[in-house]
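The next block holds one structure in the form of structure tokens; read it before the comments.
Below, each value reflects all heavy atoms present in this structure, side chains not excepted, and no hydrogens, waters or symmetry copies. Numbered from 1 within each chain, the chains take letters A, B, ... in sequence-line order. Computed from a predicted model, the values in this text were never measured in an experiment.
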Protein chains: 2
Amino acid sequence: MKNKTIFLDIANELHKRINEGVYVTSQKLPSEYDLAEEFGVSRLTIRKAIDSLISQNILVKEKGKGTYVMKQPKIASGLGGLYGFTEAAKRQGKRSKTKIIECTIADQMPDKVKQAFGKYADEKMIHLVRQRFLEDEPMTVEDIYVLQRYVSESSIEQLEEQSLFSEIEKNIEIGYSHQEVEAILVTEDLSRLLDVEVGQPLLLVHSLTYSPSAKPILYDTSFYRADKYTFKHTLQRKH
Amino acid sequence: MKNKTIFLDIANELHKRINEGVYVTSQKLPSEYDLAEEFGVSRLTIRKAIDSLISQNILVKEKGKGTYVMKQPKIASGLGGLYGFTEAAKRQGKRSKTKIIECTIADQMPDKVKQAFGKYADEKMIHLVRQRFLEDEPMTVEDIYVLQRYVSESSIEQLEEQSLFSEIEKNIEIGYSHQEVEAILVTEDLSRLLDVEVGQPLLLVHSLTYSPSAKPILYDTSFYRADKYTFKHTLQRKH
DNA sequence: GTTTATTTGTTCGTATGTATT
DNA sequence: AAATACATACGAACAAATAAA
């Protein structure tokens, strides 16, 4: 499974080495010159590979010193990157299950969603409400609006089994996602769907997912059980 | 205020033009070749300038077509990076205030903190509890353990006025921070400090802040009013 | 304390590939 | 089919920060 581009091949190889423990946390990587020689490419190509890993918070560089493996947060729950529920579950070796509560062509949608999609708001969209289970426990309820053009007919039928992200990526590459996390109290409806007592807190996450060229793909409003889920991420200091 | 680097100068100039309306939303910019000629630099330099604006979600590129100005509603608030409370407030043009509740040499600390600092856990640490106000409203309560070596004596006295981050950065550069966000219910103690009724939800954020070379600097457990605060961030899709 | 070697940061020029129009 | 525009890649050089001699 080779990429067309050398620098991505190298980024993958470096990433593999990090996961395999060849390069350990906080360890210095070989210098850019050494890596260039080892892979038989120019230094700029190595730099692009490293840049790609830095943007994924896997490496850190320090001018005059070297490139280091970033200390990774322990993965317990939560998302260590942009993954769908199914993918995140698989990475933790857990069984996930999905129950579709609603799946219709959206004839209208909240203003917040319309605003998010901008000029694409008039296109046909699928409104999807799903209940997600981890090890047979209800974990989250998703309310998703996704542009129909990115989801084929056959995909829709498989949404109880397949990852929505992987279905979408058959049609368009997923680039990034703006997320907003807040804390709310569980409502009556959600109390039933998530098996949580009224009065307990929930994590509410709004997210708008884009292609690499900033085309909006889907708007997701998800409710997570606060007792089972936390969100992990890494912020970079900007200077 | 000139930068040392050409590509940042150019990025700033392009950004200025966008703000001034020279390049309008959704308009195509001159090609990389044309810009290179105009600024009298190589195409690579233009690409670096454009990359920098893309990482700030200001521009978008499409292969074979061109570079476009991204439509920018850009809602206020939220963290576009790793900032302390004081800095984030300043960026929003709001008044912040700080009340120190505790400031001692820590003789013991929670296991979670010890574990986070690893081999540095035996060094002297300062335990700091602060109440933070925005426009005179209590917003968050912080519980911080910071390695004493990174905070000078004089700094400690100024913690009601100065940003902790900027004090620390006189001694060591801040690199990045692993954060974990969860939702909890307000306790009696916090109810008073945050002026929130019992039974309401709070955002609880644990964060461990590192130097660029992955040395742990401080461990922060912060409680945020859910009605006043949300967390915004951007996740990149990994391939 | 100064010099030297190492390592990342920036920039140039050039060439070729790939997607769009 | 041709022109345009971004994507990738190479080689080379010098600057700037760091660490070691």
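Atom P of nucleotide D/dA7 and atom CG of A/Asp9 are separated by 18 Å, given to the nearest angstrom. Counting to the nearest Å, the C1' atom of D/dT4 and the OH atom of B/Tyr68 are 11 Å from each other. A/Asp51 has its CG atom 12 Å from the P atom of D/dT8, to the nearest Å. To the nearest angstrom, P of D/dA5 lies 14 Å from CD1 of B/Ile46. In this structure, NZ of B/Lys61 is placed 11 Å from C1' of D/dT8, rounded to the nearest angstrom.
Note on A/Lys63 versus B/Glu173: no salt bridge recorded, every NZ/NE/NH1/NH2 to OD/OE distance being 4.0 Å or above. The pair A/Arg17-A/Glu38 meets the salt-bridge criterion, since a charged nitrogen lies less than 4.0 angstrom from a carboxylate oxygen.
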Evaluation steps, side chain to side chain contact (heavy atoms under 4.5 Å, CB included), between A/Thr209 and A/Asp220
CA-CA 8 Å; A/Thr209 302; A/Asp220 176 351; 5.9 Å; no
Begin with the C-alpha distance, continue with both residues' side-chain angles, and end with the deciding distance and a verdict on side chain to side chain contact (heavy atoms under 4.5 Å, CB included) for B/Glu13 and B/Phe39.
CA-CA 10 Å; B/Glu13 171 62 23; B/Phe39 286 100; 3.7 Å; yes
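Residue B/Tyr120 comes nearest to B/Leu147 through the heavy atom pair O-CD2, 3.9 Å, listed as atom of the first residue, atom of the second, then distance. The two residues B/Tyr150 and B/Asn171 come nearest to each other via the heavy atoms O-ND2, 2.7 Å.
Between the base of D/dA7 and the side chain of B/Arg43 there is a donor-acceptor pair shorter than 3.5 Å.
Residues that satisfy the ring-ring contact (aromatic ring centres under 6.0 Å, His included) test with B/His206, not counting sequence neighbours, are absent from this structure. The ring-ring contact (aromatic ring centres under 6.0 Å, His included) test applied to B/Tyr176 returns B/His178, B/Tyr210, not counting sequence neighbours. The ring-ring contact (aromatic ring centres under 6.0 Å, His included) test applied to B/Tyr224 returns B/Tyr229, B/Phe231, not counting sequence neighbours.
For the pair B/Glu37 (side chain) and B/Tyr33 (backbone), a donor-acceptor distance under 3.5 Å is absent.
When Watson-Crick and G-U wobble pairs are counted only if both distances are under 3.5 Å, D/dA1 pairs with no nucleotide at all.
Residues of residues 32-42 of chain B having a heavy atom closer than 4.0 Å to DNA chain D, listed by number: B/Glu32, B/Tyr33.
Counting heavy atoms from C-beta on, the side chains of A/Leu128 and A/Val151 never come closer than 4.5 Å.
The outermost nucleotides of DNA chain C lying under 4.0 Å from heavy atoms of chain A, listed 5' to 3', are C/dT7 to C/dT10.
Put simply, B/Arg47 has a side-chain N or O that comes within less than 4.0 Å of OP1 or OP2 on D/dA7. Listed pair B/Thr67 / D/dA5 fails the phosphate criterion, with no side-chain N or O lying under 4.0 Å from OP1 or OP2.
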Close N/O contacts between protein and nucleotides 18-20 of chain D (under 3.5 Å):
| from | atom 1 | to | atom 2 | distance (Å) |
| --- | --- | --- | --- | --- |
| D/dA19 | OP1 | A/Lys65 | NZ | 3.4 |

